[in-house]
Every structure is written in C-alpha cells, then in structure tokens.
Trainee: 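Let me give you the structure first, and then I'll get to my questions.
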Amino acid sequence: MPAEYPWRLIAERDVPRAADSAHQHLLDVYASEINKTASVWRAFDDGVIDYRPHPKSTGVGDIFKHELLSGRRFFGEFLGLPEPDAGSIVPSPIAVGSCVERLGDLARARLPRFAVAPDAWWNETVTFFDVERPRVWVFWRRVLHSAHHRTQLTVYLRLLDRPVPPIYGPTADVSWSGADPTRTVDAARR
C-alpha cells in the first residue's frame with residue numbers, strides 16, 4: 001500500500017523512471033521525503049513562523065530557510081547538480097505556502113537529473129565538506145539531514161499543541177483502520 005501524506009507535492013506517477021532500475025529507489029525515496037517534509041511544514045501556519053521553544057532554538061521559518069538553502073548546497077556544491085542561484089532560493093517574505101511551493105519546485109527539477117545519472121555518477125567520490133565520499137553517500141546524508149529537521153519540527157508542533165501529521169505511520173492525532181503501530185513486544189514478534 002503506497003504511503004499517503006496529508007500534502008503530496010510529488011505524485012507517484014510524476015517520479016521519473018531511473019535509466020538504471022537499480023537506482024529507482026533513490027528517486028522514489030527522495031520524492032517520498034519531500035512529501036513528508038511538505039506535510040510537516042503545512043502543519044504550521046504563518047502565525048507561528050517565528051516560533052521557537054527556547055531562546056537557543058531555531059525558529060520555524062529559520063528551519064524552512066535552512067532546509068531550502070542547505071538542500072541547494074548539498075545538491076549543487078557536493079553532488080554537482082545545476083541549481084538556482086542561492087539568492088533566489090528562499091521566498092521573501094518567508095511564509096509556509098511559499099516555502100512549501102519552493103521545496104516542491106526545487107525537488108521536481110532535481111528528479112530528472114537523478115533519473116539519467118548512471119551508476120558511475122552515483123558512485124563517484126566527491127568532496128563533502130572536509131572529507132571524500134561517494135555521491136550516493138552524500139545523497140543519503142541529505143535525506144537524513146532533512147529527516148532530522150522534520151523531526152525537530154514535529155516536536156515544535158507538539159509543544160504548540162497542534163496535530164502531528166502521520167509520516168511513517170499513525171500518530172497520537174491521526175490513525176486509520178488497519179494501522180498497526182509496533183508498541184508491544186507481541187507486535188514486534190509479528
């Protein structure tokens with residue numbers, strides 16, 4: 001059963017087919033992660049864009065900005081994809097709707113480039129900050145980086161007493177018939 005997200009920026013049918021079928025999962029996961037991120041971002045509204053739970057915490061809008069800019073850096077500088085100028089990445093003013101739209105635009109532009117990339121491209125060693133890593137490693141590092149910030153934002157939603165969208169399964173706020181979260185030893189044995 002395909003995952004259903006409250007906000008779907010990239011439909012399954014719009015994910016291009018990888019030239020090398022062994023890499024299709026990279027495109028599928030990337031589109032899925034963008035949909036997860038959009039679902040979490042859309043759980044906020046512009047009235048809380050400056051919310052931060054602690055003076056040392058990053059605000060909601062600043063996390064959106066960081067995600068958009070660091071995505072551009074990962075895919076442009078580290079993976080070598082053509083990316084828009086950094087000055088054009090972040091919408092002004094920062095608002096939930098415009099940031100979600102920009103996230104989708106950037107992701108949709110990257111997918112066709114991933115689709116045509118041969119195995120040699122994915123496995124080529126590139127500079128990542130001060131180390132050398134295969135491009136595919138940097139790609140997965142990007143996915144994990146976004147998951148980290150998405151989780152940070154779900155904590156903010158809970159602190160704001162707002163519903164947390166279902167990303168990897170049901171939440172305390174959203175469930176469905178047939179949902180089977182693993183919360184017991186017996187469930188884990190299945």
Side-chain angles (χ1 to χ4, degrees), residues 3-16 26-115 128-129 138-168 171 173-174:
E4 292 297 326
Y5 306 109
W7 289 92
R8 186 172 291 277
L9 288 177
I10 303 170
E12 192 174 327
R13 71 180 174 279
D14 296 331
V15 177
L26 299 168
L27 284 77
D28 295 339
V29 165
Y30 181 65
S32 173
E33 292 297 310
I34 293 299
N35 289 332
K36 290 175 178 101
T37 298
S39 294
V40 170
W41 288 14
R42 281 284 187 191
F44 292 91
D45 60 60
D46 294 338
V48 294
I49 203 85
D50 294 323
Y51 173 77
R52 66 184 69 235
H54 186 276
K56 292 183 179 179
S57 297
T58 306
V60 172
D62 290 329
I63 293 171
F64 292 1
K65 177 180 177 181
H66 166 72
E67 273 293 282
L68 293 169
L69 290 172
S70 67
R72 187 241 180 249
R73 185 173 185 197
F74 266 71
F75 293 116
E77 178 182 348
F78 303 135
L79 292 185
L81 295 181
E83 289 282 318
D85 179 72
S88 70
I89 296 294
V90 180
S92 181
I94 292 179
V96 174
S98 59
C99 286
V100 169
E101 182 179 337
R102 192 65 173 134
L103 178 74
D105 292 344
L106 292 165
R108 282 187 289 276
R110 293 172 184 139
L111 281 167
R113 295 179 182 115
F114 292 150
F128 178 70
F129 294 105
V138 176
F139 171 86
W140 285 116
R141 179 63 184 84
R142 179 68 216 168
V143 168
L144 294 172
H145 182 90
S146 292
H148 154 74
H149 287 297
R150 196 169 55 240
T151 302
Q152 182 181 15
L153 289 170
T154 62
V155 171
Y156 287 20
L157 287 169
R158 186 58 70 216
L159 293 171
L160 287 164
D161 199 26
R162 297 201 174 190
V164 174
I167 298 302
Y168 295 106
T171 68
D173 305 301
V174 181

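Predicted, not measured: the structure shown is a model, and the values here were computed from it.
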Trainee: So, using salt bridge (charged side-chain N to carboxylate O under 4.0 Å, His left out) as the criterion, who are the partners of Arg150 when residues are at least two apart?
Mentor: Glu33
Trainee: Is there a side-chain contact between His66 and Thr58, using heavy atoms and a 4.5 Å cut-off?
Mentor: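 His66 does not reach Thr58 side chain to side chain.
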Trainee: Please find the pair of heavy atoms, one from Pro16 and one from Ala115, that lie closest to each other, and give the distance.
Mentor: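 Distance-wise, the nearest heavy atoms are CB-CB, 3.9 Å.
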Trainee: Do the non-hydrogen side-chain atoms of Pro165 and Val40 ever get within less than 4.5 Å of each other?
Mentor: yes
Trainee: How far does CG of Leu103 sit from CZ of Arg42, to the nearest 0.5 angstrom?
Mentor: 10.5 Å
Trainee: Are Ile34 and Arg108 close enough that some pair of their side-chain heavy atoms sits under 4.5 Å apart?
Mentor: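 Of all side-chain heavy-atom pairs linking Arg108 with Ile34, none is under 4.5 Å.
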Trainee: What distance separates Leu9 CG from Asp105 CG, expressed to the nearest 0.5 Å?
Mentor: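 It comes to 9.0 Å.
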Trainee: I need the minimum non-hydrogen distance between Ala38 and Val100, along with the two atoms involved.
Mentor: CB-CG1, 4.1 Å
Trainee: Answer whether the closest heavy-atom distance between the side chains of Glu67 and Trp41 falls below 4.5 Å.
Mentor: yes
Trainee: Is a side-chain donor or acceptor of Asn35 paired with a backbone partner of Ile10 at a separation under 3.5 angstrom?
Mentor: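 Looks like yes, one N/O pair under 3.5 Å.
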Trainee: Only pairs at least two apart or in different chains count here, so list each ring pair (Phe, Tyr, Trp, His ring centres under 6.0 Å) that has a residue in residues 78-113.
Mentor: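 Every ring pair (Phe, Tyr, Trp, His ring centres under 6.0 Å) pair that includes a residue of residues 78-113, provided the two are not neighbours, is Phe74-Phe78, Phe78-Phe128, Phe78-Phe129.
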Trainee: Evaluate Arg110 against Leu106 for side-chain contact (heavy atoms from CB on, under 4.5 Å), listing each step before the verdict.
Mentor: CA-CA 6 Å; Arg110 293 172 184 139; Leu106 292 165; 3.8 Å; yes
Trainee: Can a donor-acceptor pair be found, under 3.5 Å and without considering hydrogens, that links the side chain of Ser32 to the backbone of Asp28?
Mentor: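 Flag not set: sc Ser32 to bb Asp28 has no pair under 3.5 Å.
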Trainee: Starting at CZ of Arg8, measure out to CG of Asp14 and round the result to the nearest 0.5 Å.
Mentor: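 The CZ atom of Arg8 sits 10.0 Å away from the CG atom of Asp14.
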Trainee: List the steps and the verdict of side-chain contact (heavy atoms from CB on, under 4.5 Å) for Leu159 and Tyr51.
Mentor: CA-CA 10 Å; Leu159 293 171; Tyr51 173 77; 3.5 Å; yes
Trainee: Return the set of residues passing salt bridge (charged side-chain N to carboxylate O under 4.0 Å, His left out) with Asp46 (not counting sequence neighbours), or none when no residue passes.
Mentor: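 Once residues adjacent in sequence are excluded, Asp46 has no partner under the salt bridge (charged side-chain N to carboxylate O under 4.0 Å, His left out) criterion.
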Trainee: Would you please name every residue forming a ring-ring contact (aromatic ring centres under 6.0 Å, His included) with Phe44, sequence neighbours left out?
Mentor: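 Phe44 satisfies ring-ring contact (aromatic ring centres under 6.0 Å, His included) with no other residue.
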Trainee: Run the salt bridge (charged side-chain N to carboxylate O under 4.0 Å, His left out) test against Arg102 and tell me which residues pass, sequence neighbours left out.
Mentor: none
Trainee: At what distance, to the nearest 0.5 angstrom, does NE2 of His145 lie from NE2 of His149?
Mentor: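 Going from NE2 on His145 over to NE2 on His149, the span is 3.5 Å.
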Trainee: If the condition is salt bridge (charged side-chain N to carboxylate O under 4.0 Å, His left out), which residues does Arg73 pass it with, not counting sequence neighbours?
Mentor: Glu77
Trainee: Look only at the side chain of Arg162 and the backbone of Leu157, and say whether a donor-acceptor pair between them is shorter than 3.5 Å.
Mentor: no
Trainee: For the pair Arg72 (side chain) and Pro84 (backbone), establish whether a donor and an acceptor sit closer than 3.5 Å, ignoring hydrogens and angles.
Mentor: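 Present.
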Trainee: Please report the shortest heavy-atom distance between Val174 and Pro166, naming the atom on each side.
Mentor: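 Shortest heavy-atom contact: CG1-CG, 3.7 Å.
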Trainee: Report the relative orientation of the aromatic rings in Phe139 and Phe114; use parallel for angles under 30°, tilted for 30 to 60°, perpendicular for over 60°.
Mentor: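 Because their plane-to-plane angle is over 60°, the rings of Phe139 and Phe114 count as perpendicular.
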Trainee: Report the distance from atom CZ of Arg141 to atom CG of Leu144, rounding to the nearest 0.5 Å.
Mentor: 6.5 Å
Trainee: Grab the two heavy atoms, one from Ile167 and one from Ser39, that are nearest each other, plus how far apart they are.
Mentor: CD1-CB, 3.9 Å
Trainee: Would you mind reporting whether Leu26 and Trp140 have side-chain heavy atoms less than 4.5 Å apart?
Mentor: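 Side-chain contact under 4.5 Å: yes.
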Trainee: Applying side-chain contact (heavy atoms from CB on, under 4.5 Å), run through Phe64 and Ile49 and close with a yes or a no.
Mentor: CA-CA 9 Å; Phe64 292 1; Ile49 203 85; 3.8 Å; yes
Trainee: Side chains of Ile63 and Tyr156: closer than 4.5 Å at any heavy-atom pair?
Mentor: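 A side-chain contact exists here, since the closest heavy-atom pair is under 4.5 Å.
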Trainee: What verdict does the side-chain contact (heavy atoms from CB on, under 4.5 Å) test give for Leu79 and Arg113, after you've listed the backbone C-alpha separation in whole Å, the side-chain angles of each residue and the deciding distance to 0.1 Å?
Mentor: CA-CA 11 Å; Leu79 292 185; Arg113 295 179 182 115; over 6 Å; no
Trainee: How far does CD1 of Ile89 sit from OG of Ser70, to the nearest 0.5 angstrom?
Mentor: 10.5 Å
Trainee: Could you report the tightest heavy-atom contact between Ser98 and Pro93, atom names first, then the distance?
Mentor: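 So the minimum-distance heavy-atom pair works out to OG-O, 3.7 Å.
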